[in-house]
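A short write-up of the structure that comes next.
On a predicted model such as this, the values are computed, not experimentally measured, just so you know. Positions are given from 1, in the same order as the sequence printed here. Start at 1 and go down the list; that is how both ligands and their atoms are numbered.
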Amino acid sequence: MSDTPPKPDAKPDPKPDGRTGLEPDRQVGQDGAVRDKLVATKEQWARDGRALTGHAADPARDRLPPGQRLVTDWPVLDLGITPKVTTANWTLAVDGLVENRLSWNWGDFQAQPQESFVSDIHCVTTWSRYDNRWEGVSARRLLELARPKPEARFVVFHSFDGYTTNVALSDFDDDGVLLATSWEGQPISREHGGPVRIILPKLYLWKSAKWVKRIELLASDRKGYWEVRGYNNHADPWLEERYSD
Ligand SMILES: Nc1nc2c(c(=O)[nH]1)N[C@H]1C(S)=C(S)[C@@H](COP(=O)(O)O)O[C@H]1N2
Ligand SMILES: [Mo]
């Protein structure tokens, strides 16, 4: 392991040509099955009465955040330190401004109701991957047990590799937010943050801490590893909140 941490994620190429990410050299344009699925999804959204904005002629545009391109693999991105966390030595603490601190091992985690969600993931390095099936314990379940104090408004995730990242409690306490243990029916691999990582699908993926070991609730915000290095504090891909300012 080198002493110097790897560079932050490369800044995305500017797209002065206004390309959509759906040109023929990109995966979606070549993959009729993916396109059909997108059309089907949009039709489902329409049936659900879900509000869609603009780009009606291009179903993919409503699902792909600005400046993103679709991939079908799942790239690995982290500080380059892959901690040796196993189900035998994994522990999780939930502390700070909670009525009931939690301290879980793998057995405690497995004793919780396991839920399944399908979500898209969006990385600030401009790739997005659709329809990831996750299983694990929901953030909502964890919060129900830990019971945040009224003054708790922010969350910091701490990981076994020393990484930290911060979100508003309202973004953690949301639909589809998971402490995920499985992806596409398989345990999440070590390189992707197994045995347990956060999946917070509405924000760029750097907010989804891999190898999570501690969830700290705070009254005031405290920036994490990338946030102090110029990445956006909120990180909403739909607003392209990549960098601060
Ligand atoms: N513990 C930990 N979690 C982390 C990181 C990290 O370095 N350490 N990197 C973040 C970043 S910058 C990204 S883009 C995603 C990448 O997740 P992946 O490697 O599973 O694609 O993990 C995030 N979570
Ligand atoms: Mo990243």
Side-chain angles (χ1 to χ4, degrees), residues 1-13 27 64-65 67-86 89-94 117-136 139 155-167 171-172 176-216 222-237 240-244:
M1 207 53 54
S2 83
D3 296 347
T4 42
K7 288 188 304 173
D9 291 316
K11 300 210 172 192
D13 295 328
Q27 296 178 39
L64 195 63
Q68 296 294 106
R69 70 197 160 84
L70 191 60
V71 300
T72 52
D73 59 340
W74 185 12
V76 172
L77 288 156
D78 54 47
L79 301 177
I81 302 152
T82 307
K84 289 197 180 68
V85 192
T86 65
N89 65 17
W90 178 80
T91 54
L92 176 72
V94 181
F117 286 105
V118 175
S119 58
D120 300 344
I121 52 178
H122 309 292
C123 178
V124 73
T125 59
T126 76
W127 58 265
S128 293
R129 190 181 189 284
Y130 290 164
D131 286 329
N132 301 275
R133 174 165 291 280
W134 311 100
E135 273 157 43
V155 177
V156 175
F157 303 116
H158 301 257
S159 298
F160 283 96
D161 60 343
Y163 185 78
T164 55
T165 188
N166 59 306
V167 297
D171 282 324
F172 183 54
V177 181
L178 272 187
L179 283 77
T181 52
S182 134
W183 174 76
E184 303 290 327
Q186 299 294 324
I188 293 180
S189 66
R190 196 176 143 219
E191 60 183 356
H192 282 300
V196 183
R197 75 172 297 165
I198 303 296
I199 287 295
L200 208 159
K202 289 184 188 168
L203 301 178
Y204 283 124
L205 197 61
W206 87 77
K207 296 290 189 178
S208 292
K210 312 205 285 195
W211 312 293
V212 64
K213 70 168 185 187
R214 180 179 173 210
I215 298 175
E216 183 184 14
R222 190 204 298 147
K223 289 180 176 181
Y225 185 90
W226 288 125
E227 293 81 7
V228 301
R229 288 166 175 77
Y231 281 74
N232 190 275
N233 202 48
H234 183 226
D236 182 340
E240 269 207 276
E241 292 175 335
R242 298 175 192 275
Y243 311 109
S244 47

Quick note on ligand 1: atoms under 4.0 Å from a heavy atom of Trp74 include exactly 18 (P), 20 (O), 21 (O)

Which ligand 1 atoms are under 4.0 Å away from a heavy-atom of Pro75?
-> 18 (P), 19 (O), 21 (O)

Describe, in one word, how the ring planes of Trp183 and His192 are oriented to each other, choosing from parallel (under 30°), tilted (30 to 60°) and perpendicular (over 60°).
-> tilted

Any idea which of Lys207, Lys210, Arg129 brings a heavy atom closest to atom 19 (O) of ligand 1?
-> Lys210

Answer yes or no: is there a donor N or O on one side and an acceptor on the other, between the side chain of Lys210 and the main chain of Leu77, under 3.5 Å?
-> yes

When Lys207 is tested against each of Thr165, Ile199, Val155, Ile198 for side-chain contact (heavy atoms from CB on, under 4.5 Å), which residue passes?
-> Thr165

Heteroatom proximity flag, Ser159 to ligand 1, N/O under 3.5 Å = yes

Sub-4.0 Å heavy-atom contact, Phe160 with ligand 1 | no

His122 vs Gln68, side chain to side chain donor-acceptor pair (under 3.5 Å): CA-CA, chis, key distance, verdict = CA-CA 8 Å; His122 309 292; Gln68 296 294 106; 4.6 Å; no

Return yes if a side-chain donor-acceptor contact under 3.5 Å exists between Thr82 and Glu191, otherwise no.
-> no

For Ala209, atoms of ligand 1 separated by under 4.0 Å from a heavy atom = 3 (N), 24 (N)

Hey, does Gly193 sit under 4.0 Å from ligand 1 if you only count heavy atoms?
-> no

Can Arg197 be said to touch ligand 1, with heavy atoms closer than 4.0 Å?
-> yes

Is Trp211 reaching over with its side chain to a backbone N or O of Arg190, donor-acceptor style, under 3.5 angstrom?
-> yes

Under 3.5 Å: N/O of Cys123 near N/O of ligand 1 | no

Please report the shortest heavy-atom distance between Leu203 and Pro237, naming the atom on each side.
-> CA-CD, 3.7 Å

Per-atom filter on ligand 1: closer than 4.0 angstrom to a heavy atom of Trp226 are 12 (S)

Side-chain (Asn132) to main-chain (Pro201) donor-acceptor, under 3.5 angstrom = no

Between Phe157 and Phe172, how do the two ring planes meet: parallel, tilted or perpendicular, split at 30° and 60°?
-> perpendicular

Cation-aromatic face contact Arg229/Tyr231, 6.0 Å, 45 degrees | no

Numbered atoms and elements of ligand 1 in range of Val76, under 4.0 angstrom, heavy atoms | 19 (O)

At under 4.0 Å between heavy atoms, what of Leu77 touches ligand 1? The answer is both

Per-atom contacts of ligand 1 with Asp78, taking only distances under 4.0 Å to non-hydrogen atoms = 6 (C), 7 (O), 9 (N)

Nitrogen or oxygen atoms of Ser208 and ligand 1 under 3.5 Å apart = yes

Just go through Trp211, Tyr163, Phe157 and tell me whose heavy atom is the nearest to atom 10 (C) of ligand 1.
-> Tyr163

